[in-house]
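Input: a single structure, listed below in structure tokens.
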Amino acid sequence: MAQVFPQWANKAPLVLGAITVAAALFVPFGVWYWFSPRFTDAGYRPEQPVPFSHKLHAGELQVSCFYCHYNVERAAVATVPPTQLCMNCHTLVARDKASLEPLRQSAASGLPMMWVRVHKIPDYAYFPHAPHIRAGVGCSSCHGDVKSMERIQQVEPLSMGWCLDCHRDPSKSLRAPEELTDTAWVPPADQRVRAVKWMAARHLVPPVDCGGCHR
């Protein structure tokens with residue numbers, strides 16, 4: 001009687017078994033690695049209703065970060081500047097520029113600008129800006145070199161693991177007060193020595209327990 005299946009079909013169960021095992025190992029790893037915020041969130045750079053250039057305002061014109069984000073030193077959120085704050089300058093500067101028409105409409109109607117949020121911490125996590133600023137964590141540690149960005153984008157994953165790495169060893173992020181808004185800042189050679197001194201002087205004990213961020 002002739003064989004129904006070719007001889008190589010005998011190896012099919014072994015091949016299928018190997019593929020199944022490989023998939024069972026690779027798929028969870030792939031989800032853990034490629035579905036992490038470092039791949040899904042970092043690099044997010046949405047279009048905004050007005051093409052606001054941080055490179056121009058914060059970089060070339062040297063407008064302080066604290067001028068627009070005026071609550072960052074005392075509140076949980078950094079605050080997106082209201083229309084009137086923008087109009088403090090733009091009633092005189094570039095007042096007829098076409099791309100600023102949505103801003104002028106917002107000022108005339110009293111309706112807020114619908115900026116697209118770029119940096120978003122999940123609602124189940126509590127991240128207050130003020131204590132981080134007081135601790136000496138500069139803007140670029142979380143937001144990157146903002147003063148070089150034409151359009152703002154997320155550069156760090158802002159994941160739980162990323163935050164915990166900093167809480168466990170914040171020495172790379174701590175700075176002198178005058179360095180906080182230097183978004184091109186890089187840690188100097190004696191950074192760890194400086195950080196140990198500041199942690200003692202500022203009484204810094206970053207929480208690493210669940211209650212530190214989940215309240």
Side-chain angles (χ1 to χ4, degrees), residues 41-107 112-121 127-158 162 166 170-191 194-195 197-198 201-202 204:
D41 296 355
Y44 178 54
R45 189 176 63 168
E47 292 279 355
Q48 299 290 351
V50 171
F52 181 87
S53 169
H54 278 77
K55 183 178 181 180
L56 171 63
H57 291 80
E60 296 176 23
L61 301 178
Q62 297 185 11
V63 177
S64 172
C65 303
F66 298 149
Y67 177 73
C68 295
H69 304 291
Y70 50 83
N71 266 343
V72 72
E73 295 180 279
R74 56 182 179 271
V77 296
T79 304
V80 175
T83 300
Q84 187 52 55
L85 190 143
C86 301
M87 295 304 291
N88 287 346
C89 294
H90 286 294
T91 50
L92 299 173
V93 179
R95 57 185 299 174
D96 298 322
K97 192 173 182 179
S99 61
L100 298 183
E101 180 58 26
L103 192 66
R104 292 190 289 270
Q105 291 179 0
S106 174
M113 288 289 299
M114 301 304 292
W115 299 106
V116 180
R117 187 168 183 174
V118 177
H119 301 89
K120 172 66 174 174
I121 298 295
F127 177 87
H129 276 79
H132 288 81
I133 293 292
R134 289 196 296 269
V137 178
C139 303
S140 63
S141 291
C142 298
H143 298 291
D145 188 4
V146 172
K147 292 183 181 180
S148 69
M149 297 181 188
E150 280 290 345
R151 193 165 83 222
I152 199 72
Q153 71 174 35
Q154 182 173 330
V155 297
E156 298 292 352
L158 306 183
W162 181 82
C166 186
S171 61
K172 295 180 181 179
S173 299
L174 300 181
R175 316 181 190 181
E178 64 272 14
E179 298 172 331
L180 290 177
T181 59
D182 179 6
T183 64
W185 178 87
V186 294
D190 63 341
Q191 175 62 16
R194 299 198 314 165
K197 178 187 68 176
W198 287 329
R202 299 168 185 173
L204 301 181

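Residue numbers count from 1 along this sequence. The basis for the numbers below is simple: all heavy atoms, side chains too, and nothing from hydrogens, waters or symmetry mates.
- Considering all non-hydrogen atoms of both residues, P81 and C68 come closest at CB-O, 3.8 Å.
- At least one donor-acceptor pair closer than 3.5 Å links the side chain of R151 to the backbone N or O of P46.
- Using a 4.5 Å heavy-atom threshold, the side chains of S64 and Y70 count as separate.
- Here the straight-line distance linking atom OG1 of T79 with atom CZ of F66 works out to 12.0 Å at 0.5 Å rounding.
- To the nearest 0.5 angstrom, S106 atom OG is 9.5 Å from Q84 atom CD.
- Remark: R202 CZ is packed, more than 12 non-hydrogen atoms of other residues, nucleotides or ligands lying under 6.0 Å away.
- The minimum heavy-atom distance linking V72 with I133 is given by the pair O-CG1, 3.8 Å.
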(request) Show the numbers, then the answer: is there a side-chain contact (heavy atoms from CB on, under 4.5 Å) between S173 and W185? (result) CA-CA 10 Å; S173 299; W185 178 87; 6.0 Å; no
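- Taking the side chain as every heavy atom from C-beta outward, L204 and W198 never approach each other to under 4.5 Å.
- Distance check, rounded to the nearest 0.5 Å: CD of Q62 to CG of L56 gives 11.5 Å.
- F127 has its side chain out of reach of L158: every pair of non-hydrogen atoms, C-beta onward, lies at least 4.5 Å apart.
- Taking CG of L100 as the start and CE of M87 as the end, the distance is 8.5 Å to the nearest 0.5 Å.
- Separation of atoms CG (L174) and NZ (K197) is listed at 11.5 Å; rounding is to 0.5 Å.
- Contact annotation: the side chain of Y67 approaches that of L85 to within less than 4.5 Å [non-hydrogen atoms, C-beta and beyond].
- In this structure, the side chain of H129 engages the main chain of A76 through a donor-acceptor pair within 3.5 Å.
- Remark: C89 SG to H57 NE2 distance equals 7.5 Å, nearest 0.5 Å.
- Panel note: side chain R104, backbone H90; no donor-acceptor pair is recorded below 3.5 Å.
- Of all heavy-atom pairs spanning E179 and R175, the tightest one is O-NH1, 3.1 Å.
- Across all non-hydrogen atoms, the minimal contact from Q153 to M149 is N-SD, 3.7 Å.
- The aromatic rings of H143 and H119 stand perpendicular to each other, their planes meeting at an angle above 60°, with 30° marking the opposite boundary.
- Counting all heavy atoms, side chain and backbone alike, Y44 lies closest to V116 at OH-CG1, 3.7 Å.
- With hydrogens and angles ignored, the 3.5 Å screen pairs a side-chain donor or acceptor of Q191 with a backbone N or O of S171.
- For K147 (side chain) and T181 (main-chain N/O), a donor-acceptor pair under 3.5 Å exists by modelled atom type.
- Under the side chain to side chain donor-acceptor pair (under 3.5 Å) criterion, W115 pairs with no residue, sequence neighbours left out.
- If you check the side chains of D145 and S140, you find no donor sitting under 3.5 Å from an acceptor.
- Heavy-atom minimum distance, R45 versus I152: CG-O, 3.3 Å.
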(request) Using the side-chain contact (heavy atoms from CB on, under 4.5 Å) rule, take M113 and L103 through it: C-alpha gap first, then chi angles, then the decisive distance, then the call. (result) CA-CA 7 Å; M113 288 289 299; L103 192 66; 4.1 Å; yes
